[in-house]
Amino acid sequence: MNLAETHAAQVFLSHHDFVKGVALKYAPWPGLMDDITQQVFLEFMAKESKWDLSNDARPLLATMTRHIAMRLWRERTRQQPEVVQKLADHIRLLAEEREKPPRYEDKISVLRSCLQKLPEKSRELVELYYYNEIGTPEIAEQINMKADTVCRALSRVREKLRECIQQSMNQGGHAHA
Amino acid sequence: MLDSDTLIQHYLEGTLSDAEAEQLHALLKAQPELGERLIQHFEMDAMLRATKPLAANNIIRPALLPKRRFTFATVTSVAALAACITLLGTWIVLPWLKSDVEETTASVAVLTRGVNLEWESAPITPGTPLSPGLLKWKSGIAQIEFYQGARILIEGPAELQLVSSGEATCTRGKLSANVPPQAKGFRINTPKGTIVDLGTELALM
């Protein structure tokens, strides 16, 4: 990799979370955000010689991400049953109606400190589902609970974390989950 | 009949059945506030996945065919090393860098194309992010894409005041705009009044 490519990669990496935030806005489908981010990176690097990287790259990355997100969205949802497609399109419209992309890059760093403040059982649930990638039916079996109960517990954990992030960003200080 | 939390979780896991999809869709239409909750859960779910500790067998798995000279993982490590070296030089120019960052974080649009543009102000090259302010050119055509998604073409002589990512004021020039659904509500102010897009193309002369 030459110097120009390295510089381009650095620029992209510095806006990695920003790209994810835009991807979330335009393609709210499970697992699609990472695919979109990957593809944006590949296409950004493929044309790195064309970009003027001396200025803010975010408008360019936002435009690229939006186009790629919509393309991958179409490809992914086309494979789904019609009833799921309709639901997905409804959710996508809801996400797009929000004025700005989520402040992903600001929130992600706060999230890590909020995770440390979770009660032990909640942390274990996060580890099982998000880090060990065990599905809710399997978790339910493992901890002897109903699957619906696990779903609701995960929902509560996410809400607590969201409140913690919000509190932390509003106050700029300590927050409790 | 499942509760909304369970339905949302099934959506996030990608395990929604057709019946559950229909149920969730009906709930979203009946309870608009549920939509906002779902999006919030979706964002939090994505962020939680991103906090997963990296392991050798868990580094990003490309979903598309990356037949390239480099992979994201390789570039990450090389770029990180380069970043450390770059930082040594960066701190010296930090005051200037900071002012550049503050200025560019206010950008609301980008000049995507220019044809025979003859600027009255300092020349701007395609790809340049644009902050709120006045653009003036004597001749030529500029294509500007707003951060909100709207795209306008203006033929000079033209004067365009960028107000925000969803609003501009055009006091001179021939303008046409393409406003996709996600940019609904885009506003163009003119001497003769304000046009608010409702999801179509529009033109001003």
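Note: hydrogens, waters and symmetry copies are ignored here, and every other heavy atom, side chains too, is used. Chain letters run A, B, ... following the sequence lines, proteins first and then strands; every chain starts at 1.
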Report summary line: Taking every heavy atom of B:Gly14 against every heavy atom of A:Pro30, the minimum-distance pair comes out as N-CG, 4.4 Å

Report summary line: Of A:Ala147, A:Pro28, A:Gly135, A:Ser14, the largest count of non-hydrogen pairs under 4.5 angstrom with chain B goes to A:Pro28

Query raised in the report: Between B:Asp5 and A:Ser155, what is the shortest heavy-atom contact and its length?
Result: OD1-OG, 3.1 Å

Report task. Please list, chain by chain and in numerical order, all residues satisfying salt bridge (charged side-chain N to carboxylate O under 4.0 Å, His left out) with B:Asp3, sequence neighbours excluded. Result -> A:Arg152

Query raised in the report: With only heavy atoms counted, which part of A:Lys86 is less than 4.5 Å from chain B, the side chain, the backbone, both or neither?
Result: both

Query raised in the report: Taking atom CD of B:Glu33 as the centre, does the number of heavy atoms from other residues, nucleotides or ligands within less than 6.0 Å exceed 12?
Result: yes

Query raised in the report: Would you call A:Glu159 and B:Arg37 a salt bridge, taking side-chain N to carboxylate O under 4.0 Å as the test?
Result: yes

**Report entry** side-chain contact (heavy atoms from CB on, under 4.5 Å) evaluation trace for A:Leu87 with B:Leu16
**Finding:** CA-CA 11 Å; A:Leu87 168 67; B:Leu16 267 182; 3.4 Å; yes

Query raised in the report: Does the side chain of A:Thr136 pick up a donor-acceptor pair with the side chain of B:Gln9 at under 3.5 Å?
Result: no

Query raised in the report: Is chain B contacted by the side chain of A:Val126, its backbone, both, or neither, given a heavy-atom distance below 4.5 Å?
Result: side chain

Query - Among B:Leu24, B:Leu28, B:Thr15, B:Asp45, residue most engaged with chain A (heavy-atom pairs, under 4.5 Å) - result: B:Asp45

Query raised in the report: CD of B:Glu22: more than 12 outside heavy atoms within 6.0 angstrom?
Result: no

**Report entry** Atom CD of B:Gln31 with >12 non-hydrogen neighbours under 6.0 angstrom
**Finding:** yes

Requested in this report: Tell me, for B:Leu2 versus chain A, whether the close heavy atoms (under 4.5 Å) come from the side chain, the backbone, both or neither.
Outcome: side chain

**Report entry** side-chain contact (heavy atoms from CB on, under 4.5 Å) evaluation trace for B:Leu48 with A:Leu115
**Finding:** CA-CA 9 Å; B:Leu48 280 164; A:Leu115 279 166; 3.7 Å; yes

Report task. Would you indicate whether the side-chain heavy atoms of A:Pro137 and B:Glu13 approach each other to under 4.5 Å? Result -> yes

Query raised in the report: With only heavy atoms counted, which part of B:Leu38 is less than 4.5 Å from chain A, the side chain, the backbone, both or neither?
Result: side chain

Query - Spacing of B:Glu43 atom CD and A:Lys20 atom NZ [to the nearest 0.5 Å] - result: 13.5 Å

Query raised in the report: Taking all atoms of both residues into account, what is the closest heavy-atom pair of A:Arg112 and B:Ala50, and its distance?
Result: NH2-O, 3.9 Å

Report summary line: Hits for ring pair (Phe, Tyr, Trp, His ring centres under 6.0 Å) against A:His90, two or more places apart or cross-chain, chain-then-number order -> B:His25

Requested in this report: Flag yes if more than 12 heavy atoms outside A:Gln79 fall under 6.0 Å of its CD atom; otherwise flag no.
Outcome: yes

Report summary line: Nearest heavy-atom approach of B:Phe42 to A:Trp29 is CZ-N, 3.1 Å

Requested in this report: Report the C-alpha distance between A:Ile165 and B:Met44 in whole Å, list the side-chain angles of each, state the deciding distance to 0.1 Å, and finish with yes or no for side-chain contact (heavy atoms from CB on, under 4.5 Å).
Outcome: CA-CA 10 Å; A:Ile165 291 170; B:Met44 188 55 58; 3.6 Å; yes

Query raised in the report: When only pairs under 4.5 Å are counted, which of A:Leu94, A:Ile91, A:Leu154, A:Val84 shares the most heavy-atom pairs with chain B?
Result: A:Ile91

Query raised in the report: So B:Met47 and A:Tyr130, side-chain contact (heavy atoms from CB on, under 4.5 Å) or not? Walk me through it.
Result: CA-CA 10 Å; B:Met47 287 196 285; A:Tyr130 285 105; over 6 Å; no

